[in-house]
Amino acid sequence: MIGSKDGYALVTGASSGIGYELAKLFARDGKNVVVVARRPDRLEELRREVEANHGTTVIVLPKDLSSPGAPNEIFLELQERGIEVDVLVNNAGFGVYGLFPDTDLDEELRMIQVNAASLVHLTKLFLKGMVENGSGGILNVASICSFFSTPLESVYCATKALVLHFSEALANELQGTGVTVTCLCPGLARTEFHRRARMENSKVAKRRMMDAAAVAEAGYDGLRKGKLIVVPGLEYKFGPWFARLAPRGLVTRVVRSQHEAA
């Protein structure tokens, strides 16, 4: 089990996809879970499934992380209930697709809040207790796009680059504290991401995708082992090397060609 027997794993974006699968993995190993997302019906469905199959406690917190006040509301509510979070999974996120001059600014600002600002805010709030206790884990879900500049997803990839660099720097700062940081950088996965981003007709959305459960298992295993960077799937292992070694202009052109309409 990751963390203590009495501690909870807090999983954001737990109503579907990778977050949903991660919550089940923690429960499978006997960990109590706090699940956060906008859709209470999906969270209740997850709670019933987990408690029936694993007997662990699931606390449902319907919160919209596009609201700047949501992280503090989550932290205070759990404090009032005497719940200690010793594993934080920052999974919530979504994308916006299209040429930047044409995309919706309000949607992009909400995306920045969910993907980056709320992630940093939640980490700030819960990390102090982990350090004081000398144990804990943080799993930040980024993307293979963290390594690239991605035309047609320019703001999305920038938020995920923040997640990657923040995770790497934070892991270095936390050496010797007993708290680990893992950054999960999945490629294509069968989730609601492409539909919500309205990019189903892009070339990249028509490629073979990994199961969300397999991505979650890779991230969970990396967290258990204290790995810093986890890139699931053999076909994606070359991506970070290509991004770092090839000329940046070439990388950007290749990435754009994959994101254009099919």
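For the pair I229 and E168, the minimum side-chain heavy-atom distance is below 4.5 Å. At least one side-chain heavy atom of V33 sits under 4.5 Å from a side-chain heavy atom of V11. T103 has its side chain out of reach of L99: every pair of non-hydrogen atoms, C-beta onward, lies at least 4.5 Å apart. Using a 4.5 Å heavy-atom threshold, the side chains of K63 and R38 count as separate. With contacts defined as side-chain heavy-atom distances shorter than 4.5 Å, the pair M210/P232 qualifies. Between L78 and F126 there is a side-chain heavy-atom pair separated by less than 4.5 Å. Looking only at side-chain heavy atoms (C-beta outward), S149 and V251 stay at 4.5 Å or farther from each other.
When atom types are taken as modelled, the side chain of Y97 and the backbone of H259 share a donor-acceptor pair closer than 3.5 angstrom. Of the possible polar contacts, none joining the Y156 side chain to the T150 backbone as a donor-acceptor pair under 3.5 Å is found. In this structure, the side chain of T159 does not engage the main chain of A116 through any donor-acceptor pair within 3.5 Å. At distances below 3.5 Å, at least one donor-acceptor pair connects side-chain atoms of E51 with backbone N or O atoms of V58. A distance-only check finds a donor-acceptor pair linking the side chain of S146 to the backbone of S143 [under 3.5 Å]. Under the 3.5 Å distance criterion, the side-chain polar atoms of D221 are left unmatched by any main-chain donor or acceptor of E217.
In this structure, K237 places its NZ atom where more than 12 heavy-atom neighbours from other residues, nucleotides or ligands lie under 6.0 Å away.
In terms of hydrophobic clustering, with Ile, Leu, Val, Met, Phe, Trp and Tyr side chains grouped at heavy-atom distances under 4.5 Å, L234 and I144 are assigned to different clusters.
For the atom pair CG of L119 and CZ of F166, the computed distance is 6.5 Å after rounding to the nearest 0.5 Å. Interatomic distance, I18 CD1 to L25 CG, rounded to the nearest 0.5 Å: 11.5 Å. Taking CG of L152 as the start and CZ of F100 as the end, the distance is 13.0 Å to the nearest 0.5 Å.
Side-chain contact check for Q113 and S118: at least one donor-acceptor pair (N or O, by modelled atom type) lies under 3.5 Å. Counting only N and O atoms by type, the side chains of R28 and T56 include no donor and acceptor under 3.5 Å apart. Checking N140 against S167 by side-chain atom types alone, a donor-acceptor pair falls below 3.5 Å. Residues N133 and S135 bring no donor and acceptor atom of their side chains to less than 3.5 Å of each other.
Taking 4.0 Å as the cut-off between side-chain N and carboxylate O, D86 and K31 count as a salt-bridged pair.
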Would you please test T123 and N90 for side-chain hydrogen bond (donor to acceptor under 3.5 Å, both in side chains) and show each step? CA-CA 8 Å; T123 304; N90 287 307; 3.1 Å; yes
Please step through side chain to side chain contact (heavy atoms under 4.5 Å, CB included) for the pair T57 and Y8, ending with a clear verdict. CA-CA 9 Å; T57 300; Y8 281 70; 3.7 Å; yes
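If you run side chain to side chain contact (heavy atoms under 4.5 Å, CB included) between L127 and each of T177, L174, V181, only L174 comes through.
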